[in-house]
Amino acid sequence: MRQTLYVTAVAVIASLATVAAIKAPVIIDKVSSLTAGNTTQPEGFWQTPAIKGYGKIHNRPDSAFRPQSGEQYNVVFQVQDGHEPKTTVNAELEKVARTVNLYVASGVPLESLKFVVAIAGSATPVVLNNQRYREAFGVDNPNLPLIARLRQAGVVVSVCDQAVAGHRYAFDSVDENVTHALSNLTTITTLEKQGYTLMPM
């Protein structure tokens, strides 16, 4: 009985291996056909029209739900996740740059964008000046050039002072381009009362 089961099991395994060997090239061909021609993109496909070097976008003028150039947009971005490596730019902060680029590419001037970034939680270290960041993580703060460019574009980058205190950072260790806010809780609710739209990242 055991020998019969063993022989049957070997036959089944051999059959499956044969099917896999036959099907594998077909599957590979199908996957290759789906990705063929997508390995390279033309020069200029990705752009960063407002925040140079950050938040790259691909502009498609015929896409739906494009921002209107004659409107003003008030948005508060909630940035709280800072779990990426300390040597890389915060992903949520990069999305803020992408949002600015998308609006500008749609024809909305920077002066019509009233954007505020509210930073707290594990993202708090992104606002540290270079000296304090290097003391804490051994590298220069990769977020500072992006924060400076956002500020130059009129975006207010703020940090929750409750989070700064909670992380035991000195308040004067926060970069000069960052606005001290009482807390994210009050920043978001105050701005929402003023007509801002909350965009959790």
Side-chain angles (χ1 to χ4, degrees), residues 46-60 63-69 71-128 133 136-137 141-169 171 174-175 177-201:
W46 295 108
Q47 305 167 7
T48 55
I51 313 297
K52 298 298 182 184
Y54 298 95
K56 63 183 181 180
I57 65 163
H58 174 60
N59 189 24
R60 287 179 52 82
S63 297
F65 306 116
R66 293 179 67 85
Q68 300 301 304
S69 59
E71 298 289 332
Q72 178 172 299
Y73 294 89
N74 300 352
V75 182
V76 54
F77 300 86
Q78 188 174 37
V79 172
Q80 298 187 105
D81 187 356
H83 291 108
E84 58 275 303
K86 299 305 180 187
T87 55
T88 62
V89 173
N90 180 274
E92 294 186 348
L93 203 58
E94 182 97 25
K95 287 181 183 177
V96 176
R98 182 173 297 118
T99 306
V100 176
N101 286 330
L102 286 166
Y103 275 85
V104 169
S106 298
V108 181
L110 284 173
E111 54 266 27
S112 295
L113 300 179
K114 305 303 179 186
F115 286 179
V116 176
V117 183
I119 297 173
S122 61
T124 304
V126 306
V127 304
L128 293 175
Y133 195 93
F137 306 111
N141 187 345
N143 301 284
L144 295 183
L146 173 53
I147 290 173
R149 292 190 184 188
L150 287 170
R151 195 66 180 250
Q152 289 166 5
V155 177
V156 176
V157 179
S158 73
V159 65
C160 169
D161 270 351
Q162 307 307 305
V164 174
H167 281 79
R168 299 182 182 276
Y169 297 137
F171 292 111
V174 172
D175 184 72
N177 286 306
V178 177
T179 299
H180 287 267
L182 175 61
S183 72
N184 260 25
L185 298 173
T186 55
T187 298
I188 291 168
T189 54
T190 299
L191 291 176
E192 283 186 317
K193 191 170 179 62
Q194 295 174 10
Y196 279 68
T197 299
L198 172 61
M199 186 179 291
M201 304 305 285

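Proximity of Thr99 to Val75: side-chain heavy atoms (C-beta onward) are nowhere separated by under 4.5 Å. Residues Tyr73 and Lys114 have side chains not in contact (no heavy-atom distance under 4.5 Å, counting atoms from C-beta outward).
What you find for Thr187 and Ser158 is that their closest heavy atoms are CG2-OG, 4.4 Å. Of all heavy-atom pairs spanning Ala118 and Asn184, the tightest one is O-ND2, 3.2 Å. Here the closest heavy-atom approach between residue Thr48 and residue Gly55 is recorded as CG2-C, 4.1 Å. Residues Ala120 and Cys160 approach most closely at CB-CB, 3.8 Å, considering heavy atoms.
Residues passing the side chain to side chain contact (heavy atoms under 4.5 Å, CB included) test with Arg66, sequence neighbours excluded: Asn59, Ser106. Phe77 is linked by a ring-ring contact (aromatic ring centres under 6.0 Å, His included) to Phe115, counting only residues two or more places apart in sequence or in another chain. Residues meeting the side chain to side chain contact (heavy atoms under 4.5 Å, CB included) test with Pro109, sequence neighbours left out: Glu111, Ser112. Residues forming a side chain to side chain contact (heavy atoms under 4.5 Å, CB included) with Ala50 (at least two apart in sequence, or on another chain): Val100, Asn101, Val104, Leu110. Not counting sequence neighbours, the partners of Asn143 by the side chain to side chain donor-acceptor pair (under 3.5 Å) test are Asn141. A search for side chain to side chain donor-acceptor pair (under 3.5 Å) contacts involving His180 returns Asp161, not counting sequence neighbours. Take Arg60 and apply the salt bridge (charged side-chain N to carboxylate O under 4.0 Å, His left out) test, not counting sequence neighbours, and it matches Asp62. Partners of Gln72 by side chain to side chain donor-acceptor pair (under 3.5 Å), not counting sequence neighbours, listed by chain and number: Asn74. Take Tyr133 and apply the ring-ring contact (aromatic ring centres under 6.0 Å, His included) test, not counting sequence neighbours, and it matches Phe137.
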### Message
Could you walk me through whether Phe171 and Val164 satisfy the side-chain contact (heavy atoms from CB on, under 4.5 Å) test, starting with their C-alpha distance in whole Å, then the side-chain angles of each, then the deciding distance to 0.1 Å, before giving a yes or no?
### Response
CA-CA 7 Å; Phe171 292 111; Val164 174; 3.7 Å; yes
Going by atom type alone, with no hydrogens or angles, which donor-acceptor pairs under 3.5 Å involve a side-chain atom of residues 80-90 and a protein atom two or more places apart or on another chain?
from, atom 1, to, atom 2, distance (Å)
Asp81, OD1, His83, N, 3.2
Asp81, OD1, His83, ND1, 2.6
Glu84, OE1, Ala91, N, 3.1
Glu84, OE2, Asn90, ND2, 3.0
Lys86, NZ, Gly82, O, 3.1
Thr88, OG1, Pro85, O, 2.9
Asn90, OD1, Glu92, N, 2.9
Asn90, OD1, Leu93, N, 2.9
Asn90, ND2, Asp81, O, 2.8

Which donor-acceptor pairs under 3.5 Å do side chains of residues 190-201 form with protein atoms, sequence neighbours excluded?
from, atom 1, to, atom 2, distance (Å)
Thr190, OG1, Thr186, O, 2.6

Give the table of side-chain donor-acceptor pairs shorter than 3.5 Å for residues 146-155, with sequence neighbours excluded, one pair per line with atom names and distance.
from, atom 1, to, atom 2, distance (Å)
Arg149, NH1, Lys52, O, 2.2
Arg151, NH1, Asn177, O, 2.3

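Going from atom CG of Leu102 over to atom CZ of Arg98 covers 7.5 Å, rounded to the nearest 0.5 Å. Taken to the nearest 0.5 Å, the NE2 atom of His167 stands 13.0 Å off from the CD atom of Gln162.
Applying the side-chain contact (heavy atoms from CB on, under 4.5 Å) test between Val127 and each of Ile119, Thr179, Val79, Leu144 identifies Ile119 as the sole match. Checking each of Leu128, Val126, Val178 against Val159 for a side-chain contact (heavy atoms from CB on, under 4.5 Å) leaves exactly one that passes, namely Val178.
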